[in-house]
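Hydrogens, waters and symmetry mates play no part in the numbers below; they use all other heavy atoms, side chains included.
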Amino acid sequence: MTTAYINRISTAVPEHDVHQAFVDFADNTFTERRKQLLFRRMADRAQISHRWAGIGSPDSFYGDDPNSVTTETRMIEFERNAPGLATRAVDGLNLGDQAAEVTHLIVISCTGFFSPGIDFEIIEKCGVPMSVERTTIGFMGCFAGINGLKTAHHIVRSEPNAKVLVVSLELCSLHLQRSDSLETMLSFLVFGDGCAAVLVSAEEEGIAIDSFKALMVPESAELITWRIGDIGFDMVLSGKVPGVLSRTLDEPNVKSILSGAEKDSINLWAVHPGGRSILDAVEEAVGLEPEALSPSRHVLDNYGNMSSATVLFVLAEMMERAKNGGPTGSGCAMAFGPGLTAETMLFHI
């Protein structure tokens, strides 16, 4: 059976570091002193130093009232910014003449849509042939990066000569709203913008993909939701998520995710950094040493949560560390999103 490999990963983010600008914006949003103090405390503990966006600062795009900016205006901004960020990420793969050998193109996003879309821009500007087979994975949320790799994996296994380009692009910052809800503003605290481009083929280079497993938590659909509203996309990210994840990642479920292997046989953990509390919950539930989630915490600190692209940033960090003498071996990737669903992937470097 053909094995699919993640040959290369390239990442790109917009030019503006907006984390502190958002913290200041949110700090001035709350009318209750208690909420303001709680938000400041949670922001200090978030373990995020940088988040990147194309809009500069809340005031530069939204003006005095973010809630007056329509979904249409936000989607126009997505169409204006997304193609350039996508082509930067693809260019970072340094494909050169190999771009003409790409047979399949998978584009992932849950933060914006337009048509003709990002896939057409990549074909036009990155040397990908017009005959490429195109697939769009939309609106699945933070675990969609794993779904993109799963789709590429199936393509390569069925067509061993395939070269699959996966592009995950999210502009989460476009959906900022003003709210007096502490839970809502804490959700906005973790999200940033970013794009990852991945080349998957049967060439034995990079990360070997072994298997996938999806785990859906019963009666948890309301904990993470993502709906299109009149003033952007409306997110619910319940504070109960870390606790539910911790209880779900018990020994039987972890053993199922690992296809029966012992936890100690895995020395690489690429966990989606949905936030500090998510990483803490996984670390405690699975019984990992703090250093095990170092790549995930590095991505959280420097980029925040970029929805579907984030787990690909973590895998890119792992690949870079391995090239420089860092850990290799067997790995498990996990990403979490609406459902509540965990999408997981076993791999080895």
Side-chain angles (χ1 to χ4, degrees), residues 1-12 89 92-95 98 106 108 143-157 160 162-168 194 196-213 254-255 257-273 279 282-283 286-303 306 308-336 342-349:
M1 184 70 70
T2 301
T3 298
Y5 289 79
I6 299 171
N7 301 137
R8 308 178 199 177
I9 306 177
S10 170
T11 62
L93 292 172
N94 297 316
L95 296 177
Q98 287 183 310
I106 300 169
I108 308 163
F143 58 69
I146 298 287
N147 289 89
L149 295 178
K150 186 189 301 184
T151 304
H153 165 79
H154 289 315
I155 291 170
V156 170
R157 279 159 58 96
K163 293 186 184 297
V164 186
L165 177 59
V166 181
V167 179
S168 173
V198 186
L199 181 67
V200 180
S201 77
E203 293 184 10
E204 297 182 8
E205 175 191 358
I207 297 176
I209 299 174
D210 295 324
S211 62
F212 294 86
K213 171 93 55 184
V254 170
K255 197 144 193 173
I257 289 169
L258 301 182
S259 297
E262 294 298 324
K263 181 202 72 177
D264 292 343
S265 68
I266 304 295
N267 61 318
L268 300 170
W269 294 88
V271 177
H272 166 68
L279 294 179
V282 173
E283 182 179 296
V286 182
L288 302 176
E289 294 295 326
E291 184 60 26
L293 296 185
S294 172
S296 296
R297 294 191 188 277
H298 171 85
V299 170
L300 180 66
D301 182 34
N302 288 280
Y303 305 101
M306 299 163 286
S308 68
T310 320
V311 71
L312 304 178
F313 272 64
V314 177
L315 289 168
E317 178 66 16
M318 280 189 168
M319 290 181 77
E320 186 63 26
R321 293 186 183 193
K323 287 178 184 177
N324 291 302
T328 59
S330 297
C332 177
M334 296 183 181
F336 316 105
E343 289 282 353
T344 70
M345 178 184 79
L346 297 183
F347 63 91
H348 63 273
I349 302 178

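Residue Thr310 forms a side chain to side chain contact (heavy atoms under 4.5 Å, CB included) with just one option from Val299, Leu315, Leu300, and that option is Val299. With Ser168 as the partner, the side chain to side chain contact (heavy atoms under 4.5 Å, CB included) test is satisfied by one option alone out of Leu149, Ile108, Val311: Ile108. The only option from Met319, His153, Glu205 that meets the side chain to side chain contact (heavy atoms under 4.5 Å, CB included) definition with Ile6 turns out to be Met319.
Ala333 and Phe347 get closest at one heavy-atom pair: N-CE2, 3.6 Å. Contact record, Ile257 with Cys332: CG2-SG, 3.9 Å, taken as the closest heavy-atom pair. Across Thr3 and Ala208, no two heavy atoms sit closer than the pair CG2-CB, 4.2 Å. Nearest heavy-atom pair across Phe313 and Ala12 is CZ-O, 3.9 Å. Residues Ser201 and Asn7 come closest through the heavy atom pair OG-OD1, 2.5 Å. Contact record, Gly92 with Ser10: CA-OG, 3.2 Å, taken as the closest heavy-atom pair.
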Legend entry - Pair Ser294-Arg321, side-chain hydrogen bond (donor to acceptor under 3.5 Å, both in side chains): steps then yes or no: CA-CA 11 Å; Ser294 172; Arg321 293 186 183 193; 2.9 Å; yes
Inset, instruction - Take Met345 and Lys150, measure what side chain to side chain contact (heavy atoms under 4.5 Å, CB included) needs, and give me the verdict at the end. - result: CA-CA 8 Å; Met345 178 184 79; Lys150 186 189 301 184; over 6 Å; no
Inset, instruction - Show your working on salt bridge (charged side-chain N to carboxylate O under 4.0 Å, His left out) between Glu343 and Lys213 and close with a plain yes or no. - result: CA-CA 6 Å; Glu343 289 282 353; Lys213 171 93 55 184; over 6 Å; no
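Between Phe143 and Phe336, a ring centre-to-centre spacing not shorter than 6.0 Å is recorded.
Residues that satisfy the side-chain contact (heavy atoms from CB on, under 4.5 Å) test with Asp301, not counting sequence neighbours, are Ser49. The side chain to side chain donor-acceptor pair (under 3.5 Å) test applied to His154 returns no partner, not counting sequence neighbours. In this structure, the side chain to side chain donor-acceptor pair (under 3.5 Å) partners of Asn324, at least two apart in sequence or on a different chain, are Glu320.
Val164 places a side-chain heavy atom less than 4.5 Å from the side chain of Ile106. Residues Val200 and Val156 have side chains in contact (heavy-atom distance under 4.5 Å, counting atoms from C-beta outward). In this structure the side chain of His272 never reaches within 4.5 angstrom of the side chain of Val314, judged on heavy atoms. The closest side-chain heavy-atom distance from Leu95 to Leu199 is below 4.5 Å. At a threshold of 4.5 Å between non-hydrogen side-chain atoms, the residues Phe212 and Thr344 do not count as touching. Looking at heavy atoms from C-beta onward, Leu312 lies in side-chain contact with Val198 at the 4.5 angstrom threshold. Under the 4.5 Å side-chain criterion, counting only non-hydrogen atoms from C-beta, Ser296 is not in contact with Glu317.
Rounding to the nearest 0.5 angstrom, the gap separating the OG atom in Ser330 from the CH2 atom in Trp269 is 10.5 Å. One finds the CG atom of Leu268 at 7.0 Å from the OG1 atom of Thr328 (value rounded to the nearest 0.5 Å). Distance CG/Leu165 to CD/Gln98: 12.0 Å, rounded to 0.5 Å. Expressed to the nearest 0.5 Å, how far CG of Leu288 lies from NZ of Lys263 amounts to 6.0 Å. Here the straight-line distance linking atom OH of Tyr5 with atom CD1 of Ile207 works out to 12.0 Å at 0.5 Å rounding.
Here Glu203 pairs with Lys163 in a salt bridge; the nearest charged N to carboxylate O distance falls below 4.0 Å. Salt-bridge formation is detected for the pair Arg297/Glu283: a Lys NZ or Arg NE/NH1/NH2 atom is positioned less than 4.0 Å from an Asp or Glu carboxylate oxygen.
For the pair Ser265 (side chain) and Ala261 (backbone), a donor-acceptor distance under 3.5 Å is absent.
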